[in-house]
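This report concerns only the one structure given below.
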Amino acid sequence: MVTLNANAQSKPSASLIVTNAAVYTVDKQHLKAEAVAVIKERIVAVGSKTDIDLWRGPQTKVIDAGGKLLLPGFNDAHVHFVQGGAQLDQVQLTDAATPKEFAKRMAAQVKKTPKGEWILGGRWDETKWPKPELPTKDLVDPVTGATPTFVERYDGHEALANSAALKLAGINAKTPDVPGGVIVRDASGNPTGILKDAAMALIYKAIPPMTPGQRIRAARGALKHAASLGITSVQHMNPEFADVAAYSELAEKGELTTRMYAVPMETDWRDQAKVGIRHAWGSTYLRLGAVKGYADGSLGSRTAYMFEPFADDPGNHGLLSDEMHPPGVMRDRLMQADAAGLQLRVHAIGDRAISMMLDIFGDIETEHGYHDQRFAIEHAQHMAQKDFERFAKLHVIASMQPYHAIDDGRWAESRLGHHRARYSYAWRSFLDNGVTLAFGTDWPVAPLDPMVGLYAAVTRATLDGKNPGGWIPEEKITLPEAVEAYTMGAAFAEFQERDKGSITPGKLADMVILSDNIFDLKPEAIRNVKVKTTIVGGKVVYAGQ
Ligand SMILES: [Zn+2]
């Protein structure tokens with residue numbers, strides 16, 4: 001048994017005991033156990049059922065795990081939490097297989113929508129309809145009336161506005177088309193409600209920003225969703241400061257059931273620095289002290305910045321972000337943010353963008369010295385082989401989302417060519433080079449469910465079923481490695497490895513009981529595993545069946 005206080009005589013009793021569990025601690029000193037004792041927010045002992053029973057008192061709540069797997073709670077190192085929560089509330093149209101069903105779901109959404117708020121989201125797909133034609137406002141006007149509505153096609157490149165939305169945005173027959181966009185019109189020149197690409201901005205300009213009430217509602221939805229998936233901590237990339245205010249309000253009310261590390265834009269680094277906030281500053285529930293930047297775009301839109309042009313688009317190397325124009329300005333900002341003690345986390349997807357970020361991190365270490373800053377590259381998707389060693393030497397964390405590999409892996413090779421695809425989503429290479437991996441999802445870009453992430457990391461089986469043995473199988477990692485990246489690795493990425501990431505006496509009692517033991521399953525089955533119980537700070541925040 002491992003315990004904080006070996007003196008049995010003076011030992012207080014536990015507030016919570018989880019017993020009869022297959023405990024996988026992620027703590028290399030004692031990887032397995034049967035039971036855990038908790039006092040208030042923290043774990044006090046981990047050991048055999050008999051050992052832990054000694055902590056039982058009259059007030060102790062006991063959870064019998066029925067032999068099921070108990071893991072440390074999952075820590076998602078890269079989410080957009082409030083946006084994700086807002087999306088949960090939105091109408092879901094992707095599988096509406098007929099226009100009639102589309103209109104029915106819209107009508108139901110109108111009933112749920114407070115007066116004056118917009119109906120957004122949707123992600124409809126008219127190719128699934130018996131007659132695959134773009135919808136028009138005539139389909140939704142009768143059910144939406146005065147509720148402004150702007151629902152997107154699943155690919156985000158076109159969207160349907162109702163008459164109320166067109167009116168608020170001032171779009172009519174006289175509105176000229178915008179460069180890079182189309183206002184679809186009927187035979188007499190009136191807008192049909194469909195706006196394409198750049199024309200969508202005409203409507204987005206008219207949508208008011210979230211109210212504090214909407215933000216709290218979105219955050220509450222996200223918290224509930226996270227708890228149901230066994231996620232006990234998240235690292236929110238690019239929150240608005242209003243999101244942090246919402247978390248702060250929820251924390252005060254005791255409603256923050258997921259621990260937050262908020263990582264605002266690097267361009268705003270002074271806002272944190274001027275009040276003296278440094279990395280990981282705050283409480284166990286809500287912390288600040290990092291900044292997030294963007295070095296380039298994405299592979300999907302061919303804006304990831306690459307050394308060589310895209311295989312399917314010769315002449316296009318991708319794009320550096322606005323923040324990198326020129327790179328020296330980014331370097332100077334990050335240099336100052338590092339001097340202020342803020343942690344630096346930068347989105348870089350293309351091999352050249354990653355390389356340029358390593359140059360900047362190298363300059364910062366040369367000037368300020370290495371003092372455990374924990375720079376992170378977010379996504380780190382397509383690596384130049386030459387850069388793994390440097391990545392490790394500069395102590396940079398690879399903050400990655402395994403789901404992207406099985407999603408993008410369907411088409412990534414046509415864009416990259418085989419040679420360059422070899423070091424894409426290269427988890428094995430990172431670990432073999434001694435780089436710390438921190439796993440997450442980028443929710444709502446990818447599903448928040450960590451089981452899907454673990455499945456992706458160990459199988460690399462693309463979603464289209466075309467790579468059952470794994471796409472670039474050399475880069476698969478083992479399940480213990482993937483679990484570690486999703487717990488200890490993510491905790492390390494937010495300076496919380498002493499408080500989180502493993503089931504160890506003294507750490508926060510954030511734990512999850514799963515429906516099945518993922519270590520006994522075939523890798524393909526991991527994605528179907530459900531959460532039975534989620535515990536945060538010694539309290540049950542989710543109980544499934
Ligand atoms: Zn993101």
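Keep in mind that what you see is a predicted model, and the values were worked out from it rather than measured. Counting starts at 1 for both ligands and their atoms, following the listed order. These numbers come from the heavy atoms of this one structure, side chains and all, not from hydrogens, waters or symmetry mates.
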With sequence neighbours left out, the residues meeting ring-ring contact (aromatic ring centres under 6.0 Å, His included) with Phe375 are Phe361

Count of protein N, O or S atoms below 2.8 Å from the Zn ion (ligand 1) equals 3

Nearest heavy-atom approach of Met324 to Met330 is SD-CG, 3.6 Å

Check your understanding: Taking the six-membered ring for Trp, are the ring centroids of Trp443 and His78 within less than 6.0 Å of each other?
Key -> no

Closest heavy-atom pair, Trp269 versus Ala337, reported as atoms and distance to 0.1 Å, is CE3-CA, 3.8 Å

Which donor-acceptor pairs under 3.5 Å do the side chains of residues 195-206 make with protein atoms, sequence neighbours left out?
| residue | atom | partner | partner atom | Å |
| --- | --- | --- | --- | --- |
| Asp197 | OD1 | His157 | ND1 | 2.7 |
| Tyr204 | OH | Glu152 | OE2 | 2.7 |

For residues 275-301, the salt bridge (charged side-chain N to carboxylate O under 4.0 Å, His left out) pairs (sequence neighbours left out) are Arg287-Glu494

